[in-house]
Number of protein chains: 2
Amino acid sequence: MSRTAPTPTAPRSGPDAKVRPDIIAAATRVFSERGYHAASMSEIAEIVGMRKPSLYHHVRKKEDLLFAIHEQMIDELIDETMTVLSSSESPSEKVRGVLRVAMSFVARHRDGVTVFLQERSAVSGERWNELVVKRDFYEQMVSRIIAEGTGSHAFVDVPPAIAAKAVLAMANWGYTWFQPGGPLTAEQVADAFAAIALQGLETR
Amino acid sequence: MSRTAPTPTAPRSGPDAKVRPDIIAAATRVFSERGYHAASMSEIAEIVGMRKPSLYHHVRKKEDLLFAIHEQMIDELIDETMTVLSSSESPSEKVRGVLRVAMSFVARHRDGVTVFLQERSAVSGERWNELVVKRDFYEQMVSRIIAEGTGSHAFVDVPPAIAAKAVLAMANWGYTWFQPGGPLTAEQVADAFAAIALQGLETR
DNA sequence: GGCTCCCTACCGACCGGAAGGTCGAGTCCG
DNA sequence: CGGACTCGACCTTCCGGTCGGTAGGGAGCC
């Protein structure tokens, strides 16, 4: 057949087993387009060029695919944001950096981010907790940057948690409207958002 | 029977017929909790105290319920925001007003807003366009306020469309985290967001 | 008051379809 | 030979939606 995976990927050996990347990619596309519950395993199978029963040779349950997407997204996002956090820039520059990373992430992984943000409640049970922890951790990273700014009086005295919500909202909401081929690049948008978040709209 | 609707509500006379409010309320709750596709008509029927076939006496299709919720939300939101837009306040005050209206809206109609923002793509066909037009109109309202501010040099020179995205993002994203019984009221959150959007995080 | 008529609301039973998931048999390749 | 991989047929479950029939109350009439 016209298979493309050379590595003999260990098949469904556990709940956390590696799944073939093209399958994850197909699932990401279908989940993002139709929504998790409306998406069918048959359609995912068809995209990767097999039938549904074959797909179940690589995946245990439909939910495993959803979880894998979620995990991959939040792990990568945390990883990329970490480099910003651990830099020696000023709090302002870190906020700008967070926004740049986040917007660039949205631009590069549109479908994945859509699934990650829109299908938040579809993951159930044990693994849901794991994701909540990581999401909270990510938010804490941003919160800490802002606390750093207010601590050094570089930032106005607003509750860091609320300010973090505001900054994250700008980036997260991007998945609903940002088009990678549009008039503005992700970096330009991120910088515009950073300007608003840091200096505000009013003239000085 | 123990009915409570005294008015002989005209039953399913057309696609735009009025549906009993308790049915809309039940659908809103179920759609918000389970997601549109995962929600079942039986569960909605059960909440309002009837069986599925009886529910279909009041509603033609499942999608009609979804559409009704969407329409109700966007219509009310536009209506409330209109009063802000048509006031004679300064652009800054109007931005604050928009955020107050939006956050208060989120607080009062949590489930409805959740459906409205999360189940955006589940509406199909003709009526979807109608909703897109209204959503764009709402966004234009905010965009215009900001253009007004940049025009009078009260606001910094940023593209109004981008600034509108930023402002709306803060409010829209609220549905994912704001708890009406939490430490901050909707108005307090809105004012904090307005402060960030207008003056920025950096000290002057 | 009784009586019929009719319309609204309600429901048990049912249908067609589609979905997630399984099974057993086959193929290919090291 | 054996394990990875594929698939046709199949099972179960559930869902959106329909159908035929029933209860009940108001309107009109005698």
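So you know, we letter chains A, B, ... as the sequences are listed, proteins then strands, and number each from 1. Just so it is clear, the structure is predicted and the values come from calculations on it, not from any experiment.
- Ser54(A) has no side-chain polar atom (N or O) that falls below the 4.0 Å cut-off from OP1 or OP2 of dC5(D).
- Counting to the nearest Å, the P atom of dG17(C) and the NE2 atom of His37(B) are 20 Å from each other.
- In this structure, CZ of Arg60(A) is placed 14 Å from C1' of dT22(C), rounded to the nearest angstrom.
- When heavy atoms are screened at a 4.0 angstrom cut-off, Ala39(A) is found touching the sugar-phosphate backbone but no base atom.
- Between Trp173(B) and Tyr175(B), the ring planes lie perpendicular to each other; the angle is over 60°, past the 30° to 60° tilted range.
- Listed candidates were dC11(C), dC15(D), dC7(D). Nearest to the side chain of Arg51(B) is dC11(C).
- Looking at Met170(A) and Ile162(B), their side chains never come closer than 4.5 Å, going by heavy atoms from C-beta outward.
- Of the two residues near DNA chain D, Leu55(A) and Lys52(A), the one whose nearest nucleotide lies more 5' is Leu55(A).
- In this model, the phosphate group of dT6(D) is approached by a side-chain N or O of His58(A) to a distance below 4.0 Å at OP1 or OP2.
- For the pair Met50(A) CE and dG26(C) C1', the interatomic distance rounds to 17 Å; values are reported in whole Å.
- Taking the charged nitrogens against the carboxylate oxygens, Glu93(A) and Arg96(A) do have a contact shorter than 4.0 Å, which makes a salt bridge.
- Here Arg135(B) does not pair with Glu139(B) in a salt bridge; the nearest charged N to carboxylate O distance is not below 4.0 Å.
- When distances are taken from the side chain of Pro53(B) to each of dC19(D), dC7(D), dG21(C), the shortest belongs to dC19(D).
- Picking from dA4(D), dA9(C), dC11(C) the nucleotide with the shortest atom distance to the side chain of His57(B) gives dA9(C).
- Under 4.0 angstrom from either OP1 or OP2 of dC10(C) there lies at least one side-chain N or O belonging to Arg20(B).
- Interface remark: the Lys61(A) side chain does not form any donor-acceptor pair with the dG20(C) base, using a distance-only criterion of under 3.5 Å.
- For dG17(D), the base has no donor-acceptor partner in the side chain of Lys62(B) [N/O atoms by modelled type, under 3.5 angstrom].
- In this entry the distance linking CD1 of Ile44(A) with P of dG21(C) reads 11 Å, nearest Å.
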